[in-house]
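Note on naming: letters A, B, ... go to the chains in the order of the sequence lines (proteins, then strands), and numbering restarts at 1 for each one. We use all heavy atoms of the structure for the numbers below, so side chains are in, but hydrogens, waters and symmetry mates are not.
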Amino acid sequence: MAEYNFREIEQKWQEFWKDKGTFKAEVDPNRPKFYSLDMFPYPSGAGLHVGHPLGYIASDIVSRFKMLKGFNVLHPMGYDSFGLPAEQYAIQTGQHPAITTEQNITRYTEQLKNIGFAFDWDREVRTSDPAYYKWTQWIFMQLFNSYYDQEADKALSIGSLISRFEKEGNASIKAVCDDDTPTFTASEWDGFSEKEKQEMLLKYRLTFLAETTVNWCAALGTVLSNDEVKDGFSERGGHPVERKKMMQWSMRITAYADRLLQGLEKVDWSEPIKEMQRNWIGKSIGAEMVFQVKNSDKSIKVFTTRIDTIYGVTCLALAPESDLAAELITEEERATAEAYIKVAKNRSERERMSDVKTISGAFTGSYAINPFNDEEIPIWIADYVLAGYGTGAVMAVPAHDERDYNFAKHFGLEIRQVIEGSMENGSFPGKGGLIINSGFISNLYMKEAMEKAIEFLEEKGIGKGKIQFRMRDAIFTRQRYWGEPLPVYFKDELPYLIDEKDLPLVLPEVDKYLPTEDGEPPLGRAKDWTYKTADGEYPLELSTMPGWAGSSWYFFRYMDPKNDSVFADKAKTDYWGAVDLYIGGSEHATGHLLYSRFWTKFLYDLGVVSIDEPFQKMINQGMIQGRSNFVYRLKPLLKGGGEGNPEEKAILPMIFVSKGIHEKIQGKSLNEAEKTEIELKFKSIFEKLNPQIDYWGLLKIDTSAMHVDVNIVHNDQLNLDKFKAWRPDLADAEFILEDGKYSCGAEVEKMSKSKYNVVNPDDIIERYGADTLRLYEMFLGPLEQFKPWNTNGIDGVFKFLKKLWNLYHPGSGDFAVSDAPASKEELKVLHKAIKKLEEDMANFSFNTSVSSFMICVNELTALKCNKREVLEPLAILVSPYAPHIAEELWALLGHSTSITTASFPEFNEEYLVESNFEYPVMINGKMRAKLNLSLSLAVSEIEQAALADANVQKWLEGKAPKKVIIVPGKIVNLVV
RNA sequence: GCCGGGAUGGUGGAAUAGGUAGACACGCAAGACUUAAAAUCUUGUGAGAGCAAUCUCGUACGGGUUCGAUUCCCGUUCCUGGUACCA
């Protein structure tokens, strides 16, 4: 009697795969490659929950499918193991983050192995491993040694830039550099001191030190990213955060802005993700021009995308932060304007953002001259202008821009229409419309007007056409301990790279993981954190790299994870190429996915890899949300507000009411019996208090919801014994039930420890096995859709596996397959499944595949089929989804090698060919009859047959149909 | 606000070059087996009307195109993801 014993089977095959090295991938030029990758996980202390493996299961299915299709599959897994949580834990406990990280990785790996993924574990990488971050540091050094040449449109070496400086200075060099870079000649360069030269080069390097405004959190001693700041406080810990200027390393990702934009055309990603990246890069084509301030030597530079509306400018608006704004304030306006600046500056960024409706601003008293018509334009200060974008100044055209319109309307400024159209509904952009009231560009259309206007600016030397990007350079340092040290030391306060032979620069030990007393990053605590060169000993950089450093190139390291002489051998990266399938969440759209593309393009420019887009095809799986359960505690309140006095409160009973009663209390619709039950529970308590007081009369009853562990709730019914075990402090609590049961409330929320709604895959595997977990996660719905986790349907999937097993173990339960040829009908069932599976795989529609497996097995069971000719291919078919049971069946069928070495069954159309079709016959578009007819019938014969049918005749009521629509093999429709 | 995605039975979902709405599964109900329970199996299950055959309604809502619309077009509501005044 061989039952489906998943525990035994799964353990057996996981060991087999490990011992035989089944998933070891090696370069093989004779086979086509397939690189399947999951987004790099951070090994958190909470371990894996059921949401994590969703994407891994999908990529595993595709990987195994590709193996069956003859591909050489690279399917690795590793850990993005530097990160804040381990450091935070270290600060609290003093435990070295390396130890915590190691423990977490061990747990993750164990959990992943239990699910039976086809990972090549020999290729595992960890970003916190010095053998790995040696190469992260190496890439940083290459960036430091490069600049972006706009003529070559690629990164070139700093060495070649120096030789050009020596020959011709920098006037004719088109390269991406800081805005404040001065022009110099070859002889001036020659005259620069070493320090001046280095300072100049820093303005060109692809990674550079610069003063940037950052979110500084003094309590945490670190800089936070925008999404780590909530309402001016740190998300973690709630410490105050201020905007502060600091010296930070940055990456000149803006140099690649255009190529990052164009590269999107080449990759097969979902349109929303591409769109997010496009918006993030934010390319605007326009013009930059200078307005002279009247009676002053000062000028204001603005960027505009609508230079065609230059004659409609009736105001210039400056950001409150700009220094110029303060300088332009005249005596008469000083009081109001300065007060406004103070208020506007003090408003937090979030306030300014969320409060779009309120229009505010102040007049400076100064005027600027529009060079096109010499008109005087008032200069205002307005907080809708951002200091960080463009030039921090806007030429307002109220007639054709909504924000400008609202501003002008609010302050009673002139609104001058310069494009033909109606102003009835306020401003209108009028893109492409006819220009009017605009001097020499009147009667032109947008494109031509813009060209003419830019020509005018260039002639007068007061402006030019310009492309502006929204994207900023990326800050590359964190004042943290648990990250890669930068391979940089300082001499005369200028940064220099350490020698390549000294890589990796290993993270030093420190006594505490906190900033030093004088505010230096934690590395400031390290002893001997210096670099020794021939001419002396110099301090090393104290900041570390951000989380995205290590994850920006890991997909190359998987190709050659142990190499010590290069980050990855070129022959290997050439063979494996780009990732063919990348599965992960869409939350990385503008972070990881942009930085990885940037570094890949840079490495491509260096010539060390041959691809410039790392991820060819990407699928974004939807998050699995948690489903929280609630219990409702009765909360007696003293009438007229306030709670009872502390003494009474302390002994008030813990009473939980079932969901229905909670709803009635909230809706004030309790019936008498329920009221009495509650009252009695309380009375027995009150009797022990002062019997003189009518407590009940003083109380009003309310309820409050409390999260309860979803693992002690089944079908929303609370297991009372388990509840008491879960919360021993509430073991004496009383419960008011409905129909003898306690019903819990439920809500869909993010899966999180604090909400007690985390479901662990280990529990599911323990109860049903990994194959059931894999199938069920897929069966839940389309991969890309967000969905709450619930185990309501898991029994059906488990039953399916048992039925599958029983096909190979008919009757008595012993393994038995017949070598007799399969019937036509049996083959049809099989090939229907093959066809569906191939289609689903092409569409990444895994849920429908599981359904078709079920249909297939149901039909074969009905046919009592146990023919090898059908069951052998069936095992292969199922193997990507449920690999353990498939391997076991494959072995029982007499094979000694892994099922992954089998070939995917060839689909044969012949078995699906039908001779007959049951035509739905519709009268006026409604299905009224069915007719089983031969598919070989001509249209006229079908019509005859349909009209001859008694049921059809009944509906026609003897009349001839007005119109007859016949689609052979599909439908018959008669219009009366 | 702007840009995406979505809304189908009690539940998860299936079906779009426009062609039988609700596959598959859960749940529920009835029955079989069992001393009993679990497991398993069988049958039924969108709503309403009817003894029944059958009929009417039905894919968020309101229109439209069509012989025929869950699918295409226009408008509305709600949910959800991203983004934050980008000149």
Under-4.0 Å side-chain N/O to phosphate OP1/OP2 contact, K799(A) with A39(B): no

Quick one: CG on L877(A) to OG on S849(A), what's the gap to the nearest 0.5 Å? 8.5 Å

Is U42(B) paired to anything, Watson-Crick or G-U wobble with both distances less than 3.5 Å, and if yes, which nucleotide? A30(B)

Within 6.0 angstrom of K274(A) NZ, more than 12 heavy atoms from elsewhere: yes

How about E414(A): does its CD atom have over 12 heavy atoms from other parts shown lying under 6.0 Å from it? yes

Using Watson-Crick or G-U wobble geometry with both distances below 3.5 Å, tell me the partner of G50(B), or none. none

Side-chain atoms of D795(A) come closest, of G27(B), C85(B), A87(B), to G27(B)

Distance, C1' atom - from G58(B) to G22(B), rounded to whole angstrom: 11 Å

Can you tell me, in whole Å, how much space there is between the C1' of C2(B) and that of A84(B)? 9 Å

P atoms of G10(B) and G6(B), separation to the nearest Å: 23 Å

Taking for each residue the nucleotide of RNA chain B with the nearest heavy atom, is it F917(A) or V394(A) whose nucleotide lies nearer the 5' end? F917(A)

Taking A25(B) as the reference, what is the distance to G13(B) when you measure between their C1' atoms (whole Å, please)? 9 Å

To the nearest 0.5 Å, what is the distance between CH2 (W269(A)) and CE (M276(A))? 11.0 Å

When both distances are under 3.5 Å in a Watson-Crick or G-U wobble arrangement, the nucleotide paired with U66(B) is none

Partner of G9(B) under the Watson-Crick or G-U wobble criteria, both distances under 3.5 Å, comes out as none

Would you mind classifying the nucleic acid contact of N790(A) as base, sugar-phosphate or nothing, using non-hydrogen atoms under 4.0 angstrom? nothing

For K787(A), is the NZ atom crowded, meaning more than 12 foreign heavy atoms sit under 6.0 Å from it? yes

Using a heavy-atom cut-off of 4.0 Å across all strands, would you classify D401(A) as base, sugar-phosphate, or nothing? nothing

Any strand counts, and the cut-off is 3.5 Å on both contacts for Watson-Crick or G-U wobble. Which nucleotide pairs with C2(B)? G82(B)

Both distances under 3.5 Å, Watson-Crick or G-U wobble: report the partner of C61(B), or none. G75(B)

Checking understanding here: a glycosidic angle within 90° of 0 is syn, the rest anti, so what is G9(B)? syn

For R928(A), which contact category applies under a 4.0 Å heavy-atom criterion: base, sugar-phosphate, or nothing? sugar-phosphate

For U20(B), which nucleotide in any strand shown is its Watson-Crick or wobble partner with both distances under 3.5 Å? none

Answer with base, sugar-phosphate or nothing: what part of the nucleic acid does E271(A) contact at a heavy-atom distance below 4.0 Å? nothing

Separation between CG (L260(A)) and CH2 (W280(A)), nearest 0.5 Å, reads 13.5 Å

Reckon P782(A) touches a base, only the sugar-phosphate, or nothing at all at heavy-atom distances under 4.0 Å? sugar-phosphate

Rounded distance in Å between the P positions of C57(B) and A69(B): 13 Å

